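No experiment lies behind these values; they were computed from the predicted model shown.
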Amino acid sequence: MPIPQVPRPGPSAQNTGQKPRATSVLQLQNSRRRTAIPALSKVDSEGPDVAQDIVHFNALREAGKEAPTLNTPVRRHQYTREFKLAAITYAKEHTSPSIDPITEAVIPRRFSKYRVAQILGISEKMLKSWMENERSIMQMRVGQRKNTAGHGALHPELEYELHAKFLVLRNKGRKVTRSWFMAEARRLYEQHYPERVVFDYIIKAKVYHFKFSLTWFRRFRKRNRISYRAP
């Protein structure tokens, strides 16, 4: 005699077709992106200029986005240099008190940084980070999204002279190798920093305080945009 099957305890099975699913990649990206949305009631009470600012920054953000494709992974959005500088200027104008040029009266701040971040469509933490790093953002190239300047030159005067000597030789059509860069860099180092060069009588060679390694040479070429030429 067959044993009757008793339903298992627990939640009932649910049809997967009833679950909401993203119909496109763009909808999936928008659902995963966390963006602060300003409250409509506050926008109406704060005046039409705030609504215009929201539309302006939304258009500026959309202009800097890349067109999504089927192979585009879901990632955090990176903002352009222009959007960051516009956001910093807008935050400074509305989060700090100003002086009326006619009556010379002090006008209190209009919004908090949290409210400005809502209008811009970003987080308050991101806005504060941009305002703290305003100088480094201004040094970025036009349209650049991420500050990838890397390590700065430890001896800028030395590298400037080394690069100038390299340009002279390249304009003359001379072949410049990595050995020439290393030898000329050590010679300039002795000229600029003689106190940092010591002669070791045990190994009978000069010891430099700075190590001219391959990593330094690769970064020097990247900083000065030096590329190898085919023979």
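Listed by first and then second residue, the ring-ring contact (aromatic ring centres under 6.0 Å, His included) pairs that reach into residues 160-179 are Phe166-Phe181, sequence neighbours excluded. Every pair passing salt bridge (Lys or Arg N to Asp or Glu O under 4.0 Å) that includes a residue from residues 117-134 is listed here, sequence neighbours excluded: Lys92-Glu134, Glu124-Lys128.
Considering all non-hydrogen atoms of both residues, Arg81 and Ile137 come closest at NE-O, 3.4 Å. For the residue pair Phe220 and Leu162, the shortest heavy atom distance occurs at CZ-CD2, 3.7 Å. Across all non-hydrogen atoms, the minimal contact from Leu120 to Ala87 is CD1-CB, 3.5 Å.
In this structure, the side chain of Gln144 does not engage the main chain of Thr80 through any donor-acceptor pair within 3.5 Å. Side-chain N or O atoms of Arg196 include none that pairs as donor or acceptor with a backbone N or O of His209 at under 3.5 Å. Between the side chain of Lys84 and the backbone N or O of Leu127, no donor-acceptor pair lies under 3.5 Å. At least one donor-acceptor pair under 3.5 Å links the side chain of Asp200 to the backbone N or O of Ile202.
No single ILVMFWY cluster, assembled from side-chain heavy atoms under 4.5 Å apart, contains both Phe210 and Val198.
Rounding to the nearest 0.5 Å gives a distance of 8.5 Å between CD of Glu82 and CE of Met140. Ser123 contributes atom OG, which lies 10.5 Å from atom OH of Tyr114 (distance to the nearest 0.5 angstrom). Taking CD of Gln191 as the reference point, atom CG of Leu158 lies at 9.0 Å (rounded to 0.5 Å). Within the model, atoms CE of Met138 and CG of Asn133 stand 13.5 Å from one another, a figure rounded to the nearest 0.5 Å. Arg115 contributes atom CZ, which lies 5.0 Å from atom CD of Gln118 (distance to the nearest 0.5 angstrom).
In this structure, the side chains of Phe217 and Ile226 stay at 4.5 Å or more apart for every pair of heavy atoms. Contact of the Tyr90 side chain with the Val116 side chain is registered, since non-hydrogen atoms from C-beta on lie closer than 4.5 Å. Side-chain contact between Met131 and Lys113: present, with at least one pair of heavy atoms (C-beta onward) separated by less than 4.5 Å.
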message = Between Leu214 and Arg178, does the side-chain contact (heavy atoms from CB on, under 4.5 Å) criterion hold? Intermediate values first, please.
response = CA-CA 9 Å; Leu214 295 178; Arg178 180 168 57 89; 3.1 Å; yes
task = Apply side-chain contact (heavy atoms from CB on, under 4.5 Å) to the pair Phe111 and Ile119, showing each step before the final yes or no.
result = CA-CA 10 Å; Phe111 301 129; Ile119 297 174; 4.0 Å; yes
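Taking the six-membered ring where the residue is Trp, Trp216 and Phe212 present perpendicular rings, their angle passing 60° and hence far from 30°.
Around the OH atom of Tyr201, the shell of radius 6.0 Å holds no more than 12 heavy atoms that belong to other residues, nucleotides or ligands.
Applying the side chain to side chain contact (heavy atoms under 4.5 Å, CB included) test to Lys165 and every residue at least two apart in sequence or in another chain returns Trp180, Glu184, Arg187, Leu188.
Checked against the 6.0 Å centroid threshold, His155 and Tyr193 count as a close aromatic pair.
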